[in-house]
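As structure tokens, the structure follows; a few thoughts come after it.
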Amino acid sequence: MKKGLKFNIGGIIDEPGNSVETKKDGWRVHKPEVDYDKCTKCGVCAMFCPDGAIFKDKNGNYKWDLDYCKGCGICAQVCPVKAIIMKEEEK
Amino acid sequence: MNNLPEKEYFASGHNACRGCGPAIAMRWIAKAAGDNTVIAHATGCMEVISTLYPYTSWKTPWIHSAFENAGAVGSGVEAALKTLYSKNRPNVLMIGGDGSTFDIGFQALSGAIQRKHNFCYVCYDNEAYQNTGYQRSGATPKYARTTTTPYGKVVHGNDTWQKPMPLIIAAHGAKYIATASVSNVVDLYNKVKKGLEIPGPAYVQVQTPCVPGWGINQASTIQVAKLGVETGAYPLYEIEGGKVKMTRKLEKLVPVKKYLELQARFRNLSEDEVKEFQSRVRYWYKYIESLESKGKVFP
Amino acid sequence: MPLFGKFKYGGKNVISGSDAGAIAAKLCRPSVISAYPITPQTIIVERLAEMVNNGEMKAEMVKVESEHSAASVQMGAQATGVRTIGASCSQGLALMNEILHVISGLRLPCVMMVANRALSAPISIWNDHSDTMASRDTGWIQLHCENNQEIFDTVIQAYKIAEDKNVMLPIMPCFDGYILSHLYESVNVATQSQVDNFLPAYKAVHHYLDPKRPITIGSVAPPNCYTEFKFQQQKAMDKALKVIKKVNSEFSKEFGRSYGNGLVEEYKLKNADTVLIGMGSVCGTIKSVVDKHKGVGLLRIKSFRPFPTEDIVRALSNAKRVAVVDKAFSFGNAGPLFTEVKAVSPVKKINGFIMGLGGRSITEKDIEFVIKNAGVEKNFWVNVNE
């Protein structure tokens, strides 16, 4: 829980989208690994990520923000060229 | 893809399950809502997982109050916006799950449509009360196993078919009605956007598989939703100006068994029950398809 | 169908309690009106509809499909950042119950008139206080009126109290169904400029759904903060005690009328051994009986929520016997007003009288009975066929 919790009147939350402050990496059992040689940069993986954890970097490569990736594996399942595999987390 | 907004309006860090179908839909619904929309949200999974104080995943002005009143709260929002803005008035988007849309919130939605408020209502249809622990709703298909319709020795799962909600809404005279699938988020995005742009009431219903409720593999959400469309179990169509248009025409229906066998909720179906399911799916798909050739069939 | 007809701003008019409430609401310039005619209907919203449809009032009139939606529409509109008005009673108020809690919990300063009526079953469309007593714990301020002038004045005061930054709580101005809602009395109707002077234009401070400031209203509170939000609500109720008094005296300065100290009204208490306590229109009857007796006075509770404990204790400091009149009952225990007054009363000789349920007339003879039996070791159902 956030330090110095403020109790806004009526429970209003006035910081839009601040759920990004709560990381979800602890939920993950499997972690995506990408074969960038196979990847065609089509972006289908990012489209279907329930957690909005896949983003395009400067070079147009799709990257995973592991703070939010819960490791569901939808990206690997929808990838048309099977460039993503799910590997068990080493923890 | 190029015309789709990169900006996320439904922020990461929410508490949806791994592989959540509705959460994927929320991202695209919120993108369609964009910068000038107010959202009235019913109680349900997507409300609970996105607004655990002091955190919110929403970047759009958003209000939730109860399970059954998104239609009414949104009506109040719309009425107030009318008095506040003479131009560039924000859109009103209402969001509810199938329980709050088909069942407990049906009356409020019905009234909102009849009063012709300007809004788009999006029902994310995961076919049961998944938030409260997978109980049967008015949108649960027959034979589906839920916690209130277990597969017993005497009664095999749910004993009712879904209400034909989009057609019921169409009979109310809504300006735009569409069904969508989370397996085609571009189509979903476009339909929600259209629903918001068309003046008057609009309704978009999107099928969103639920990993624990349907008993599917967490990676297979999209695959299952896709089969929902390809088998004809979830026909995709629009109703505009009272005319029905299939937005995904199926040359041939994929056997529904392929869709059912991926889901633990249909695990124990007998051959006869699968047959009944198949004929029901074919009947409704063909029925809706037949409306397409009839011109204006709704007010 | 009786039409509203003409009335005069800035002068006396013979109008019903519902008319008084509707005209007062109109003068407060609400932007959205929301209500539904559940059995029993009051004519408050019909009056507002006439004013809207005749172009005398600029507001969105949302003709909802249920009382539950009436409260929900009002909530949605208020949260968007405008002033609103609603009206309900009886079964309607019961159906709204869920949303009443939400409105107060979200700290939305809604005003909704309640023409008090009995609850089913058996079904009754007549007056008692069962409906608002059942809404006691919804977190709404309840101000009970004695006559039509007070209805008019209380509606105007209600907005100022509700919207005070220290309060931010919804208010039900309550008045007895039929007895006041349908009774015609002389009411001094204020002018628009008088009301505008007293009540500034609405400006939402915390709650407004604006794309330029995208807030989330109606979040989920986990156990580590739910209690704090509820505690804040109670602190606001505490502060409302002061604000209600302040607004009552400000109102008096502007309009020349006030109601006790805003929370309670003391009537001939100075040398009274016997004190009767009641709420609403019955206090008019009690006053006329008190006038015929020496050593008997009345303490009228105007603010039932927040409960004016200090004022009650002070007012009863010289009393020897106290009788509390209730128009509602808490089954398995006693009258709710009696139970609450007894809990704080410095006078030990105190008892309760149940009367006026479901529209049963309360006569002067009944009040004489109360005076005679005040403070005995027994509670009474007055005028009942056992």
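Chain identifiers are assigned alphabetically (A, B, ...) following the order of the sequence lines, protein sequences preceding nucleic acid strands; residue numbering begins at 1 within each chain. All values derive from a computational prediction rather than experimental measurement.
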Per-residue contact mode, [X] against chain C (heavy atom under 4.5 angstrom):
X	answer
Tyr85(B)	side chain
Asp35(B)	backbone
Ile63(B)	both
Ser110(B)	neither
Lys59(B)	backbone
Glu47(B)	both
Ala40(B)	neither
Ser65(B)	both

Can you tell me how far the OG1 atom of Thr216(C) sits from the CH2 atom of Trp62(B), to the nearest 0.5 Å?
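Between Thr216(C) OG1 and Trp62(B) CH2, I get 6.5 Å after rounding to 0.5 Å.
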Could you state the interatomic distance from CD (Glu60(C)) to CG (Leu81(B)), rounded to the nearest 0.5 Å?
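It comes to 10.5 Å.
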If we define contacts as heavy-atom pairs under 4.5 Å, which of Lys212(C), Lys63(C), Arg213(C), Gln78(C) has the most with chain B?
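Answer, by heavy-atom pair count under 4.5 Å with chain B: Lys63(C).
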Side chains of Ser69(C) and Gln107(B): any donor to acceptor distance under 3.5 Å?
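Absent: no donor and acceptor within the cut-off.
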Can you tell me which portion of [X] sits under 4.5 Å from chain B's heavy atoms? Options are side chain, backbone, both or neither.
X	answer
Ser66(C)	both
Val82(C)	side chain
Glu98(C)	side chain
Ile99(C)	side chain

Is the count of non-hydrogen atoms from other residues, nucleotides or ligands lying under 6.0 Å from [X] atom [atom1] greater than 12?
X	atom1	value
Lys116(B)	NZ	no
Tyr9(C)	OH	yes
Lys175(B)	NZ	no

Between [X] and [Y], is any pair of side-chain heavy atoms under 4.5 Å apart?
X	Y	answer
His117(B)	Val62(C)	yes
Leu84(B)	Thr80(C)	yes
Gln114(B)	Glu65(C)	no
Thr60(B)	Pro211(C)	no
His64(B)	Ile217(C)	no

Considering only heavy atoms and a distance below 4.5 Å, find which of Ser75(B), Ala112(B), Ala108(B) pairs most often with chain C.
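Most heavy-atom pairs within the cutoff with chain C belong to Ala108(B).
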Are Phe229(C) and Tyr53(B) near enough that their ring centres are under 6.0 Å apart?
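Yes.
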Using side-chain contact (heavy atoms from CB on, under 4.5 Å), reason through Leu209(C) and Val77(B) one step at a time and then give a plain yes or no.
CA-CA 8 Å; Leu209(C) 293 161; Val77(B) 170; 4.0 Å; yes
Where do Asn69(B) and Ser72(C) come nearest, in terms of heavy atoms and distance?
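What the structure gives for the nearest pair is ND2-OG, 2.9 Å.
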